[in-house]
S.K.: 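Handing you this structure, nothing more for now.
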Amino acid sequence: MRIEIRPPNYFDWLTHLNVNKDSKIADIGCGNGQLLAELSYCGFKSLHGYDPFLAKAAISEGFSLRKMDFFDIEEKYDLVMFHHSLEHLPHPSEVFKKLSKILNPSGEALIRVPVTDGKVWKEHREYWFQLDAPRHLFIPHTQSMKILAERYGLDLFHISFDSLDSQFWGTELYKKGKPYMGTDITKEFTKDELTDFKEKAGQYNKLNCGDQACFYLRKK
């Protein structure tokens, strides 16, 4: 049996960024800190996670998880990451304003977020599973991200789409009146349908019409 081995997703994310193992990195909405832990294992030495819903803070040399709201951050960073957390924050204009303040000169930001560029949104509207109301407060279009970046002195230098097959099967579940969480998709869709969803996701990403994207910004 052939086993496919590929590097972690964060290798792809970091490829476009000017970071090294001494860069000071913040992860906004870090959850349990899994991503930061993996970066720590790879040798990154200054990692800081922020999440107001953390059960408890954890601080050690070069690694910290802090129970704190994004708008209360005072430290400055070489890289600030939002991995599907921006859409949960109110007032996107204020988020970009704050982001610009906490980035060091030439500091960078990686923002991964659902987008309304997606063909799934345009075709299925209220059934698009990434609407996720009322948890998602803001879902941008690539053009709105460009406008916000420019307004607050940030250069949006790269965009890549990284949507998944869930944009199709999740949306189809909603159309069937079934929940996204807890539903066994292998009982709802055939193997061929699930394979088709994965292939279609890859095609949509290449055509820049997937339902989520990575935005790479740099402070001017």
Side-chain angles (χ1 to χ4, degrees), residues 7-31 33-52 61-66 68-115 117 137-163 205 208 210-220:
N9 287 336
Y10 57 82
F11 280 21
D12 291 335
W13 301 332
L14 298 179
T15 296
H16 301 285
L17 296 165
N18 185 30
V19 293
N20 57 55
K21 292 181 179 180
D22 294 315
S23 297
K24 190 175 180 182
I25 298 173
D27 185 13
I28 310 303
C30 64
Q34 177 65 34
L35 174 58
L36 294 179
E38 293 183 24
L39 291 174
S40 178
Y41 298 150
C42 289
F44 287 88
K45 302 172 184 175
S46 185
L47 301 163
H48 308 263
Y50 294 93
D51 197 316
E61 184 177 355
F63 187 98
S64 68
L65 302 180
R66 303 178 187 182
M68 184 184 294
D69 187 87
F70 168 69
F71 292 102
D72 294 329
I73 298 173
E74 295 182 353
E75 295 185 46
K76 292 184 178 290
Y77 290 93
D78 301 310
L79 171 63
V80 176
M81 305 184 294
F82 297 79
H83 294 279
H84 290 274
S85 57
L86 176 69
E87 63 267 32
H88 296 273
L89 295 174
H91 314 302
S93 185
E94 292 300 313
V95 172
F96 272 72
K97 182 179 180 180
K98 180 68 175 181
L99 173 61
S100 182
K101 288 181 178 179
I102 65 173
L103 283 175
N104 284 324
S106 300
E108 297 176 323
L110 165 60
I111 302 176
R112 299 177 58 241
V113 67
V115 289
D117 303 65
L137 305 177
F138 166 66
I139 301 180
H141 187 277
T142 50
Q143 189 59 35
S144 62
M145 293 291 281
K146 291 176 182 177
I147 292 170
L148 284 167
E150 186 64 30
R151 182 180 298 170
Y152 293 103
L154 302 170
D155 174 31
L156 178 52
F157 64 90
H158 183 74
I159 302 173
S160 61
F161 283 75
D162 68 340
S163 62
N205 288 337
N208 295 340
D211 76 332
Q212 64 185 44
C214 307
F215 295 87
Y216 296 84
L217 306 101
R218 184 178 294 117
K219 189 171 181 178
K220 294 181 180 179

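Position 1 is the first residue of the sequence, and the numbers go up from there. Below, each value reflects all heavy atoms present in this structure, side chains not excepted, and no hydrogens, waters or symmetry copies.
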S.K.: Any idea which heavy atoms bring L110 and C214 closest together, and the distance?
M.R.: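 Scanning both residues completely, I find the closest heavy atoms to be CD1-CB, 4.1 Å.
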
S.K.: May I ask you to test the D51-C30 pair for a side-chain heavy-atom distance under 4.5 Å?
M.R.: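 Counting from C-beta outward, D51 and C30 do come under 4.5 Å.
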
S.K.: Only pairs at least two apart or in different chains count here, so list each side chain to side chain donor-acceptor pair (under 3.5 Å) that has a residue in residues 77-87.
M.R.: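 For residues 77-87: Y50-Y77, D78-N104, H83-R112, H84-E87.
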
S.K.: Got F161 and T142 here, is their nearest side-chain heavy-atom distance under 4.5 Å?
M.R.: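 F161 vs T142: side chains touch.
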
S.K.: Tell me if a side-chain donor or acceptor on D27 pairs with a main-chain N or O of G49 at a distance below 3.5 Å.
M.R.: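 It does not hold such a pair.
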
S.K.: Any non-hydrogen side-chain atom of L89 less than 4.5 Å from a side-chain atom of F138?
M.R.: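 Result no, sub-4.5 Å side-chain heavy-atom pair not found.
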
S.K.: Under 3.5 Å, which donor-acceptor pairs link side chains of residues 144-151 to any protein atom two or more places apart or in another chain?
M.R.:
from, atom 1, to, atom 2, distance (Å)
S144, OG, H141, N, 3.0
S144, OG, H141, O, 2.7
E150, OE1, K220, NZ, 3.0
E150, OE2, K220, NZ, 3.1

S.K.: Side chains of L103 and V80: closer than 4.5 Å at any heavy-atom pair?
M.R.: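 With C-beta onward as the side chain, the pair touches.
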
S.K.: Evaluate F82 against F70 for ring-ring contact (aromatic ring centres under 6.0 Å, His included), listing each step before the verdict.
M.R.: CA-CA 10 Å; F82 297 79; F70 168 69; 5.4 Å; yes

S.K.: Report yes if the side chains of N208 and D117 come closer than 4.5 Å at any heavy-atom pair, otherwise no.
M.R.: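 In short, these two side chains do not touch, never coming nearer than 4.5 Å.
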
S.K.: Is the number of heavy atoms from other residues, nucleotides or ligands within 6.0 Å of NE2 (H91) greater than 12?
M.R.: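 Not more than 12 within 6.0 Å, no.
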
S.K.: Got a donor-acceptor contact below 3.5 angstrom from the D155 side chain to the R218 backbone?
M.R.: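 Checked: no pair found.
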
S.K.: Counting neighbours of NZ on K101 that are heavy atoms of other residues, nucleotides or ligands and sit closer than 6.0 Å, is the number greater than 12?
M.R.: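 No, not enclosed.
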
S.K.: Sequence neighbours left out, what passes side-chain contact (heavy atoms from CB on, under 4.5 Å) with L39? Give chain and number order.
M.R.: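 L39 satisfies side-chain contact (heavy atoms from CB on, under 4.5 Å) with Y10, L14, L35, L36, F44, L47, M81 only.
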
S.K.: Kindly indicate whether the side chain of I73, heavy atoms from C-beta on, has any atom under 4.5 Å from the side chain of M68.
M.R.: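 Yes. Closest side-chain heavy atoms under 4.5 Å.
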
S.K.: To the nearest 0.5 Å, tell me how far S46 OG sits from F63 CZ.
M.R.: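 Separation between the atoms: 11.5 Å.
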
S.K.: Using every non-hydrogen atom in the two residues, find where L99 and A109 come nearest and quote the distance to one decimal.
M.R.: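 Smallest interatomic distance, heavy atoms only, reads CD2-CB, 3.9 Å.
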
S.K.: Do other residues, nucleotides or ligands put more than 12 heavy atoms under 6.0 Å from the NZ atom of K97?
M.R.: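 Incorrect, the count does not exceed 12.
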
S.K.: With a 4.5 Å heavy-atom cut-off, do I111 and F96 have their side chains touching?
M.R.: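 I111 vs F96: side chains touch.
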
S.K.: Between the side chain of Q212 and the main-chain N/O of D162, is any donor-acceptor distance below 3.5 Å?
M.R.: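 Confirmed, Q212 side chain pairs with D162 backbone.
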
S.K.: Taking only Lys NZ, Arg NE, NH1 and NH2, and the carboxylate oxygens of Asp or Glu, determine whether E61 and K45 approach each other closer than 4.0 Å.
M.R.: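 Salt bridge absent between E61 and K45.
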
S.K.: Are the side chains of K219 and S100 in contact, using a 4.5 Å heavy-atom criterion?
M.R.: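 With C-beta onward as the side chain, the pair touches.
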
S.K.: For the pair E75 (side chain) and I102 (backbone), establish whether a donor and an acceptor sit closer than 3.5 Å, ignoring hydrogens and angles.
M.R.: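 Judged by distance alone, no pair lies under 3.5 Å.
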
